[in-house]
Novice: 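Please find one structure pasted underneath; my questions will follow.
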Amino acid sequence: MKLSIIGTGYVGLTTGTCFAEVGHEVTCVDNNEEKVRTLLDGKIPIYEPGLAELVKKNVAAGRLKFTTSTPEGVQDGEVIFIAVPTPPQPDGSVDLSYIEKVAREIAEALTPDLGYRVIVDKSTVPVKTGHKVAETVRRYAEPGVDFGVVSNPEFLREGCAVQDLLEPDRIVFGANDERAVTLMNRIYEPFVAPVLVTDMESAELIKHAANSFLALKISYINAVARICEQSGADIEKVAEGIGMDHRIGRSFLNAGLGYGGSCFPKDIKAFIAISESLGYPFELLKQVEEVNETQRELFLGKIRDKLWVLQDKKIALWGLTFKQNTDDVRESVAMKLAGQMLEEGAEVVAWDPQGIGTARKFGNLSGKITYADDMYSCLDGAEALVIGTEWPEFANADLAEVAKRLRTPLVFDGRNLLDPHTASAKGLEYYSVGRPAVGVTDSAAAAV
Ligand code: UDX
Ligand code: UDX
């Protein structure tokens, strides 16, 4: 089928490429000329494992092309996906101005001779946005234009977006029009996954409710981690024990510094704002946010307890991205932690396998933070190592080398990546989240 995607960011580029990979002809549109130029030059503007190869392969096969022209996208695509940003506003509600603008652009490019077109909302939006999109297109399009609107939320995780798209757990779309449902079913025919077709409002709600539930799992385990710290229990064992119940499941029960990224923080805020506007103050989700925010503060407290003052102390930070396997530093907890340590006067030297370039470009720490040349030189002469992101490289680090390079062998692991007993055996004094500290040199701190 012929498809178009308006907005070629993380979501649009990966979605468009995977559609091409299963045989559709895809036009990706973006209003950022530099981004489109990069893509036309055969380079991809983001780091996402496996994506560059797929883009190259499908461009060469003639199934994937890039343009800055929305009219070209509308002309090409029988089904037009919208994947433009939906950023949060200061009050937490969603800024829908990009969606509205793109709906108008699509409307202005639609003509009756194009026949029936489907406009699909892929961006994460508040419930009822689809109706607004339909109303807007109807208002700005010339009479006689025939179209349907669909909500088709994405569930891709950065770092494994290609796999999430090609082998999804489920495909969800919502439409109030049978012709649109038929076309959507054809698009997803090549994918082996259960398909749930709903009304538009339910599909819109599924995305916010799913992300909020995952965030809730993370805050739940982080709250339990606090009880573990006070009682001497081990959160890793507790998570394993409760996760073995199939009704609960082990995934998203990793205690640590809390969730970050371009989705969870914004989606939880948005869901709270939407619920409020619909008459239900979602207190449970406000608690999820509260636990997440204070989790970082509690962790910082452990560092302060041990180092006493941070002023003028060199601290090595492993991890800048909001999670592993991405170069994305948006709403990264590791970056926020770095910011707070710098504010307290520490000298932060950071290393990340993919995030240094993006942190330099988009972070707000330039001029204050120092970036190391490699993972181990980052540690030289530092008073402590802080682990902020769950990169596998860190979990597999040579701990003897870590102990050797640090000035004092202190490790604060915000992602519970290391085995405490191995760390202690290698001479490290090791603090993590929800597990007893090991290798502690003074008895007062051992209780932490
Ligand atoms: C974004 C939203 O943040 C998310 O809620 C939604 O689910 C999908 O789109 P992401 O793909 O990560 O997520 O955003 P980003 O990488 O910023 O990409 C958006 C792209 O849209 C950018 O390339 C931007 O240049 C483009 N864009 C923006 C347009 O093409 N037209 C516009 O009017 C605005
Ligand atoms: C998320 C959803 O998983 C995805 O379905 C949706 O489409 C977009 O938002 P993403 O933001 O890419 O994906 O990353 P995810 O793997 O969900 O991690 C989000 C954050 O939660 C990261 O900061 C991660 O470190 C944190 N996290 C995750 C935990 O702290 N503990 C966990 O157990 C899992």
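In each ligand, atom 1 is the first atom listed, and ligand 1 is the first ligand listed.
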Novice: Could you give the distance from CG (Asn32) to CG (Leu39), rounded to the nearest 0.5 Å?
Specialist: 9.5 Å
Novice: Using a heavy-atom cut-off of under 4.0 Å, does the side chain or the backbone of Glu390 touch ligand 2, or both, or neither?
Specialist: side chain
Novice: Going by the angle between their ring planes, with limits at 30° and 60°, are Tyr376 and Trp318 parallel, tilted or perpendicular?
Specialist: perpendicular
Novice: Given Arg415, Glu158, Lys323, Gln295, identify the one with the heavy atom nearest to atom 18 (O) of ligand 2.
Specialist: Lys323
Novice: Below 4.0 Å from ligand 1: does a non-hydrogen atom of Glu105 turn up there or not?
Specialist: no
Novice: Does any part of the side chain of Arg63, heavy atoms only, come nearer than 4.5 Å to the side chain of His24, both counted from C-beta?
Specialist: no
Novice: If you measure every N/O of Asp30 against every N/O of ligand 1, is any gap under 3.5 Å?
Specialist: yes
Novice: Does ligand 1 have any atom that is closer than 4.0 Å to a heavy atom of Arg330?
Specialist: yes
Novice: Using a distance-only test with no angle check, is there a side-chain donor-acceptor pair under 3.5 angstrom linking Arg250 and Asn254?
Specialist: yes
Novice: Mind checking whether Phe412 and Tyr431 have parallel, tilted or perpendicular rings, split at 30° and 60°?
Specialist: parallel
Novice: Just to check, does Lys266 reach to within less than 4.0 Å of ligand 1 when the distance is taken from its heavy atoms?
Specialist: yes
Novice: Which of these, Thr8, Leu13, Asn31, has its nearest heavy atom closest to atom 30 (O) of ligand 1?
Specialist: Asn31
Novice: Quick check: Ile6 and ligand 1, any N/O pair under 3.5 Å apart?
Specialist: no
Novice: Checking the N or O distance criterion of under 3.5 Å, is ligand 1 in contact with Tyr98?
Specialist: no
Novice: Can you tell me if Gly261 has a non-hydrogen atom under 4.0 Å from ligand 2?
Specialist: no
Novice: Tell me which protein heavy atom sits closest to atom 2 (C) of ligand 1, plus the residue, atom name and distance to 0.1 Å.
Specialist: Pro85 CA, 3.5 Å
